[in-house]
Protein chains: 2
Amino acid sequence: MSNATKRRQVSRLSRARRIDDIMAAGREVFREKGYEDAPLSDIAEKANVVEGSIYRYFENKRDLLVKVIEDWYKVMLADYQEQLSGISGTRNRLRYMIWRHLKTIHDEPALCNLMFQYLRSGKDYSQTVVYKLNREYTRQTLDIIREGIGKGELRNDVSLRLVRDMIYGCVEHRTWAYLRGEGDFDIETTANEVVELVLSGLEVRSAVSGTKPDISKRLERVVEKLERLAATTGE
Amino acid sequence: MSNATKRRQVSRLSRARRIDDIMAAGREVFREKGYEDAPLSDIAEKANVVEGSIYRYFENKRDLLVKVIEDWYKVMLADYQEQLSGISGTRNRLRYMIWRHLKTIHDEPALCNLMFQYLRSGKDYSQTVVYKLNREYTRQTLDIIREGIGKGELRNDVSLRLVRDMIYGCVEHRTWAYLRGEGDFDIETTANEVVELVLSGLEVRSAVSGTKPDISKRLERVVEKLERLAATTGE
DNA sequence: TAAAATAAATAAATATAATTCATTAAAACT
DNA sequence: AGTTTTAATGAATTATATTTATTTATTTTA
């Protein structure tokens, strides 16, 4: 071999270490440039390997993306169950789920975008690990609603899955502009608004007699006023 | 020129006709293969032009996609206003908006996917014509809600935009699987479910006389509400 | 109507990235 | 130390989007 085509010092790391390096580089570059605008050469450089090496560990570019998101998802969802077990009351538990979703979007808008754009809409999504993780995670929301119905706090005549779709759909729509890099949103306020709007449609309506306003009715009215006030000041 | 490199008969159509042909071909191929898997060569062939010709009328591949979706959107939204003016009552009008959205997704899942994946999440989305059309279209939903509030039929203490996000977010989440080609959904049933769930959270609660729950139970509920309120405002 | 000007359409060239593969060299094994 | 295995390389290949020089149809105009 001529000295003109010297190859750099080759170091052989463990399989696990190489995979970690490539995934870390992939996450960074994907986060920064998105999927299509992220050349594999950038990822290779950042991971200190040559492009071809990536194909030893990943089937193709998309496979790398899927694994990167998978990895992120696993860590992110790890402590859900634990956190949730420390929260009681239907409203609080539901609010936590919503709050958590909002926080994830707020913290990692780019990765969320990749998840929404390239994983969730893919034909093979329902065979992926991310799909499974996601199912398990949203199942907790269903459980909370089911419990609420069991305790008589929530209406029992609506589809659980529809409520779930409403919650997550609402959150995502609300955050679309932020995901495009336009403006910001407040996690706490939004969580309050969403949980309030969903619950006021879910909560059983308390039957009240119409004739003479007794003490309980007056109290309830005051509560409603206070709630409205709280919603207003939240903005 | 040698007879080996014969160029086929060249026909020169009007500018408008060529654009139409290319857009029609683009719509077909994009609908069939998506964006990334649709080679420009397929579109050119279907439009009876050569690849390079597309660049006379469109800046690049993405520009063609944007124009294709734009074109579809314009036709699709054309009669909204007219149809809506023939429908009265807050619930019916809201249901129409939801039904219409569901029907669009049901009829053109592939184009909706392109819109969601490649237009709405693009950095330049809020400068596009599609964004404008979309705004105008969802504004009608806001108007319906505003009217409902004006007539005293709907609660006046929720954010209009949040309700809109809830409606469209819910519909989209509900149809995600269908958009991936998994299963089907019933437009009528889904429209009914969504409008019911949203409204039962929006409608002012009518005081219904019935069997009165005992005072202690009612007081307990109110106290719970106050406690929650105190916890919320404390943050 | 024929020559000149204009613009459309072409086909080949170029550029960029993903993917493949034969070769090299580090580590493991005997 | 010599042999085998396999990670890593870097060059080659492929697939497309995009650009450009050239050709050809149409319009203008004298």
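Remember, it's a predicted structure, so these values are computed and weren't measured experimentally. Side chains are part of it too, since the values below use all heavy atoms of this structure and drop only hydrogens, waters and symmetry mates.
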Note to self: Between A:Gly52 and A:Arg56, which residue's closest nucleotide on DNA chain D lies nearer the 5′ terminus?
What the structure shows: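 First, find each residue's nearest nucleotide; the 5'-ward one identifies A:Arg56.
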Under 4.0 angstrom, heavy atoms only, what part of the nucleic acid is [X] near: base, sugar-phosphate, or nothing?
X       : result
A:Ala44 : nothing
A:Arg18 : sugar-phosphate
B:Phe58 : nothing

Whole-Å gap separating [atom2] ([N]) and [atom1] ([X]):
X       : N      : atom1 : atom2 : answer
A:Arg17 : C:dA26 : CZ    : P     : 19 Å
B:Asp42 : D:dT16 : CG    : P     : 9 Å
B:Lys61 : C:dT16 : NZ    : P     : 18 Å
B:Tyr57 : C:dA9  : OH    : P     : 4 Å

Notebook entry, point to check: How far apart are the closest heavy atoms of B:Ala191 and B:Leu102, and which atoms are they?
Noted result: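 Heavy-atom minimum between the residues: N-CD1, 3.5 Å.
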Margin query: Looking at every heavy atom in both A:Asn113 and A:Leu179, which two are closest together, and how far apart are they?
Written below: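 Residues A:Asn113 and A:Leu179, closest heavy atoms: ND2-O, 3.0 Å.
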Notebook entry, point to check: Is A:Glu182 atom CD crowded by more than 12 heavy atoms from other residues, nucleotides or ligands, each under 6.0 Å away?
Noted result: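 Check passes, neighbour count above 12.
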With the criterion being N/O to N/O and under 3.5 Å, what pairs connect the protein with nucleotides 13-15 of chain D, and how long is each?
none

